[in-house]
Amino acid sequence: HSHQLMKSILFFFITISLTAQIRGVVKDSISGEPIPFVNIWVENETVGTTSEADGTFFLEASKQKNIVISVLGYERKTLKGTAISDGIGLGKAIIFKSQKIKLEKNKIKDVTLEKEKFYKAIKEVEKEIEDLLKKISGTEKEIMQAYLLILQDPNLIQKTIEIIEKEKWDAAYATEIGFNEIIKEFEKVDDTYISERSKDIEDMKKKIIAKIIGKEEINLSKLPSNTILVAKELSTSDIAKLDFKNIEGIITEVGGMNSHMAIMARTHEIPSSVGVNKITQNIKQNDVVAINGKTGEIFVNPSKKEYKNF
């Protein structure tokens, strides 16, 4: 069931003894129009989508006593963002949510040990960037070379060292404080490009803290083909890891024309829209999404007619 092509939640409860072949179709209850690309779930796992042509699906289940098939959370909507890279993008949404790190504030006795942790983390992040530089070229390489230069700036490192030595905070929390002070200084600069680099320093801070506390990063280098990447924000290093051959579009809540994300998107002619409020709540994993990179319009689960137009 759907209400004026806006929302539907549909459950099929089926009990089988040995083997069952299940065929079905999802249609809008008002217009009667078949709804393509709706995700079909069995026991909390996506097992397929309704067909583009007629909204049908087919499942085969065996050796299970009870199964639940559910069509969850279908919603058709149009969103509006700020266009930052021209073109038309059409694909399936992959939602990227950066990991949140909750830090504890710990006073320390062994200053030398904490300084060693910090230096080790810096070196590990530097090596990751250096290894990445060997795999990329052109605009990405130039941007990441500039990123590396900022990371290697002695002033950036010294601020955290001073906090460890004088205030006796542990390496992770000292990094949080030290880098935040520098971020604030960058944000004050009356130059859009320079102030935008505060985002890079924020990204470096998160990487260093993750190394110190031993938290693994999410790998963005192996996304499936025809991906529309949806995120609250994408850092410079996140973008540099992407395989752009598999990216049909990028949508973020945070970003601007001068961000490194915007520069790379335009370089690779990836349609992109930014400034979309609560984007990771408005678009669900595997939703079919179309982007108009000229107007900033975003069509979530477009109708068959809209899909053909795109």
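Just the heavy atoms: all of them, side chains too, but no hydrogens, waters or symmetry mates, feed the values below.
For the side-chain contact (heavy atoms from CB on, under 4.5 Å) test with Tyr147, the passing option among Ile201, Asp203, Leu133, Leu132 is Asp203; the others fail.
The local environment of NZ in Lys107 is crowded, with over 12 non-hydrogen atoms from other residues, nucleotides or ligands closer than 6.0 Å. Residue-environment remark: CD (Glu269) stays at or below the threshold of 12 foreign heavy atoms within 6.0 Å. Lys80 NZ: more than 12 foreign heavy atoms inside a 6.0 Å radius. Residue Lys92 places its NZ atom among more than 12 non-hydrogen atoms of other residues, nucleotides or ligands, all under 6.0 Å distant.
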May I have the step-by-step check of side chain to side chain contact (heavy atoms under 4.5 Å, CB included) for Thr252 and Val276, ending in yes or no? CA-CA 6 Å; Thr252 65; Val276 187; over 6 Å; no
Glu130 and Lys127: CA distance, side-chain angles, deciding distance, salt bridge (charged side-chain N to carboxylate O under 4.0 Å, His left out) verdict: CA-CA 5 Å; Glu130 287 165 354; Lys127 187 177 186 307; over 6 Å; no
Show the numbers, then the answer: is there a ring pair (Phe, Tyr, Trp, His ring centres under 6.0 Å) between Phe299 and Phe310? CA-CA 10 Å; Phe299 297 83; Phe310 274 100; 5.2 Å; yes
Kindly determine whether Lys97 and Glu233 satisfy salt bridge (charged side-chain N to carboxylate O under 4.0 Å, His left out), including the steps that lead there. CA-CA 8 Å; Lys97 293 184 179 180; Glu233 185 174 13; over 6 Å; no
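Side-chain atoms of Asp243 never come within 3.5 Å of backbone atoms of Lys222 as a donor-acceptor pair (strictly under, hydrogens ignored). Thr175 places a side-chain N or O within 3.5 Å of a backbone atom of Ala171 that can act as its donor or acceptor partner. A distance-only check finds no donor-acceptor pair linking the side chain of Ser195 to the backbone of Glu187 [under 3.5 Å]. Of the possible polar contacts, none joining the Lys215 side chain to the Lys207 backbone as a donor-acceptor pair under 3.5 Å is found. At least one donor-acceptor pair under 3.5 Å links the side chain of Arg266 to the backbone N or O of Met257. Side-chain N or O atoms of Lys77 include one that pairs as donor or acceptor with a backbone N or O of Asn282 at under 3.5 Å. No donor-acceptor pair under 3.5 Å is formed between the side chain of Thr82 and the backbone N or O of Gly275. Of the possible polar contacts, none joining the Glu248 side chain to the Thr227 backbone as a donor-acceptor pair under 3.5 Å is found. Here the side chain of Lys168 pairs a donor or acceptor atom with the backbone of Glu165 at under 3.5 angstrom.
When hydrophobic clusters are built by joining Ile, Leu, Val, Met, Phe, Trp and Tyr residues whose side-chain heavy atoms come closer than 4.5 Å, directly or via intermediates, Val125 is grouped together with Tyr119. Follow the hydrophobic side-chain contacts under 4.5 Å out from Ile122 and you never reach Trp169; the two are in separate clusters. One hydrophobic cluster, built from ILVMFWY side chains closer than 4.5 Å, holds both Leu234 and Ile143.
Using a 4.0 Å cut-off between charged nitrogen and carboxylate oxygen, Lys117 and Glu114 count as a salt-bridge pair. The residues Glu202 and Arg197 are annotated as not salt-bridged, no charged nitrogen and carboxylate oxygen being separated by less than 4.0 angstrom. With salt bridges taken as basic N to acidic carboxylate O contacts below 4.0 Å, none links Glu253 and Lys278.
With rounding to the nearest 0.5 Å, the separation of CD1 in Ile239 from OG1 in Thr236 is 8.0 Å. To the nearest 0.5 Å, atom NZ of residue Lys102 and atom CD1 of residue Ile213 are 12.5 Å apart. Remark: Leu151 CG to Ile208 CD1 distance equals 5.5 Å, nearest 0.5 Å.
Closest heavy-atom contact between Ile164 and Phe118: CD1-CB, 4.3 Å. Asn258 and Ile263 get closest at one heavy-atom pair: O-CD1, 4.0 Å. Taking all atoms of both residues into account, the shortest heavy-atom contact from Met204 to Phe179 is CB-CE2, 4.2 Å. Counting all heavy atoms, side chain and backbone alike, Gln285 lies closest to Ile95 at OE1-N, 2.7 Å.
Counted by atom type alone, His260 and Glu196 present zero donor-acceptor pairs between their side chains at under 3.5 Å. A donor-acceptor contact closer than 3.5 angstrom is absent between the side chains of Ser225 and Asn246. If you check the side chains of Lys205 and Asn180, you find a donor sitting under 3.5 Å from an acceptor.
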